Amino acid sequence: MTLSVNQNINRAQAFKGISPLNAAYLNINGDDKQQQSQAAAPAKAQLIEPLQTTQGYAPEMHQAKSAAQNPILNPNTAYVEGVGAVPSGYFIQGEKAHGSEDHIIKKTPLTGARIVADKLVKDIFTYAPKGMQGSKNSNFYEYLSLGMIPYIVGSGMMVATTVAATKFFNPNDAKASKMIGKSAALGVAFYAVMKWLGGKLMEKGTQAITGVDMAMPYKKIISELPENGKEKVSTEFHRVFESVDFPRWDLINKQGEEKGNRYEYYDKIAKEKLGCDEQLNAPDQAVQPLIKKALTKAMAAKSISSFLWAGVGVALAAQKDFADFMSYSAGKPKFTKMLKDLPFEFGKTVKDAAKSLWKGSSPASKLVGRGLVISAAASTVLGLLNVKRGYKIDTKPSKSQIDYKKEYVEN
């Protein structure tokens, strides 16, 4: 079935009237009439075939054909069931005009922080209220995201229990209780920071060895079920490789297609990390199993090493050097001087605390401190070596031969 331009626009307008969500999709900055007049202008508009697409992406050859046939359609045409080919300008524009499609996000130094902040805000104001109301749009992603709340609330309660009753203590006991509370707060902070750093070490090391970014983020677009007479589109942030069994190969392929080479990602890994001088015939089939194998090893090593590094952080916070650092304001220096000296004092304290942990105050503490540091470092190094092991393609020609002298007998 083919649709003329006017038929296509008319059906798109009919689609617009179905629901508020579709109206939002088909909104052209509030100027539908102008778009219709532009659609009716070409006297010799050619027929447009409905595009069969995967997740809204039109093949490059068909894009060029459609654009040549009709100036109204641009290369990023989408296909709507029951409507046909609809210009992408009708859809809510997302990053790089991906519209209502899942797409990989370009990473910046602040991308991770922005994703965590987005989850935290939604945990408090969106996900928790939806779950308490029994919303049919609550999902497992939201449930897992809410796991940040117990960490934050629990850490705050642990610190609060040590200082809540200080007003009932004598001055010496109150001072000791406040110091314990500060140490607990510092331990929580160091636990989180060192756990994050331990995980980053494994992620960056894996990327350097294999070319695979374990933290590659993508934005998932969710069309929620109608609720209370309203329809809504929400977004979630995931990682392309968060599932070893089901990575989002489709997003990687689509990103390559947008650049003109569907297998660009695999070709780059094969050339830079696997030592393939010539382009592989089927790079996705050759590289994907290796990526999944490396990810399995890297994720296991990351789980172990990140918690060991978190233990190192707690041990550092427990050293006497930090108790002295937290008493820095006891002399009540001027705020400007304290602000100026604080970074230097903190860096010096971290260095001294690391030395204290390594040397120990007794033979037993020395053994425990060194064992913890060595274990954390060894888990990262051995984990990366294990990721590297077997991550290769056999580029040697096959030595197998066929003996044509032997007879073939079919039973």
Side-chain angles (χ1 to χ4, degrees), residues 147-148 150-166 168-206 297-331 341-387:
M148 289 192 292
Y151 275 107
I152 297 173
V153 175
S155 300
M157 291 181 64
M158 181 180 68
V159 175
T161 53
T162 64
V163 297
T166 53
F168 302 107
F169 298 161
N170 60 55
N172 290 333
D173 291 342
K175 182 179 179 180
S177 179
K178 289 180 179 179
M179 186 59 65
I180 293 174
K182 290 180 180 180
S183 298
L186 189 67
V188 169
F190 268 56
Y191 174 92
V193 171
M194 293 299 289
K195 184 175 182 294
W196 176 78
L197 286 176
K200 281 297 176 183
L201 279 175
M202 183 58 62
E203 289 178 1
K204 294 298 183 182
T206 300
K297 297 177 181 179
M299 287 181 177
K302 179 183 175 182
S303 298
I304 297 172
S305 65
S306 61
F307 281 103
L308 287 174
W309 283 113
V312 173
V314 174
L316 283 174
Q319 300 304 307
K320 186 177 179 299
D321 303 272
F322 274 105
D324 298 336
F325 171 77
M326 287 183 288
S327 301
Y328 174 70
S329 59
D341 296 343
L342 193 61
F344 173 78
E345 291 293 332
F346 182 79
K348 182 176 180 298
T349 303
V350 172
K351 180 180 178 181
D352 294 340
K355 290 181 179 179
S356 299
L357 177 63
W358 184 258
K359 293 180 180 179
S361 58
S362 65
S365 64
K366 178 180 179 180
L367 180 63
V368 172
R370 292 190 176 185
L372 184 59
V373 174
I374 293 173
S375 298
S379 66
T380 301
V381 174
L382 294 177
L384 292 175
L385 290 176
N386 189 41
V387 170

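Values in this document were obtained by computation on a predicted structure and should not be read as measured data.
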Query raised in the report: Atom CG in D324, atom NZ in K320: separation rounded to 0.5 Å?
Result: 4.0 Å
Report task. Kindly determine whether N386 and L382 satisfy side chain to side chain contact (heavy atoms under 4.5 Å, CB included), including the steps that lead there. Result -> CA-CA 6 Å; N386 189 41; L382 294 177; over 6 Å; no
**Report entry** Atom of G187, atom of V314 and distance for their closest heavy-atom approach
**Finding:** O-CG2, 4.0 Å
**Report entry** Residues in salt bridge (Lys or Arg N to Asp or Glu O under 4.0 Å) contact with K175, at least two apart in sequence or another chain
**Finding:** none
Query raised in the report: Closest heavy-atom contact between A376 and V312?
Result: CB-CG2, 4.0 Å
Report task. Hey, could you give me the CD1/OG1 distance between I180 and T166, rounded to the nearest 0.5 Å? Result -> 11.5 Å
Requested in this report: Please say whether more than 12 non-hydrogen atoms of neighbouring residues, nucleotides or ligands are located less than 6.0 Å from OH in Y151.
Outcome: no
**Report entry** Distance (rounded to the nearest 0.5 Å) between E345 CD and D352 CG
**Finding:** 9.5 Å
Report task. Ignoring hydrogens and angles, tell me if any N or O in the side chain of T206 forms a donor-acceptor pair with the backbone of M202 under 3.5 Å. Result -> yes
Report summary line: Residues G313 and M194: closest non-hydrogen pair is CA-CG, 3.4 Å
Requested in this report: Answer whether the closest heavy-atom distance between the side chains of L197 and W309 falls below 4.5 Å.
Outcome: no
**Report entry** From CG (L384) to OG1 (T380), nearest 0.5 Å
**Finding:** 6.5 Å
Query raised in the report: What distance do S356 atom OG and K366 atom NZ have between them, rounded to the nearest 0.5 Å?
Result: 13.0 Å
Query raised in the report: Which atom names give the shortest non-hydrogen contact between L316 and F322, and what distance separates them?
Result: O-CD1, 3.2 Å
Query - Closest approach of L372 to A315 (non-hydrogen atoms, all atoms of both residues) - result: CD2-CB, 3.9 Å
**Report entry** Minimum-distance pair of heavy atoms, taken over all atoms of A353 and D321
**Finding:** CA-OD2, 3.5 Å
Report summary line: Across all chains, not counting sequence neighbours, the side chain to side chain donor-acceptor pair (under 3.5 Å) partners of Q319 are none
Query raised in the report: At what distance, to the nearest 0.5 angstrom, does CG of L308 lie from OG of S379?
Result: 5.0 Å
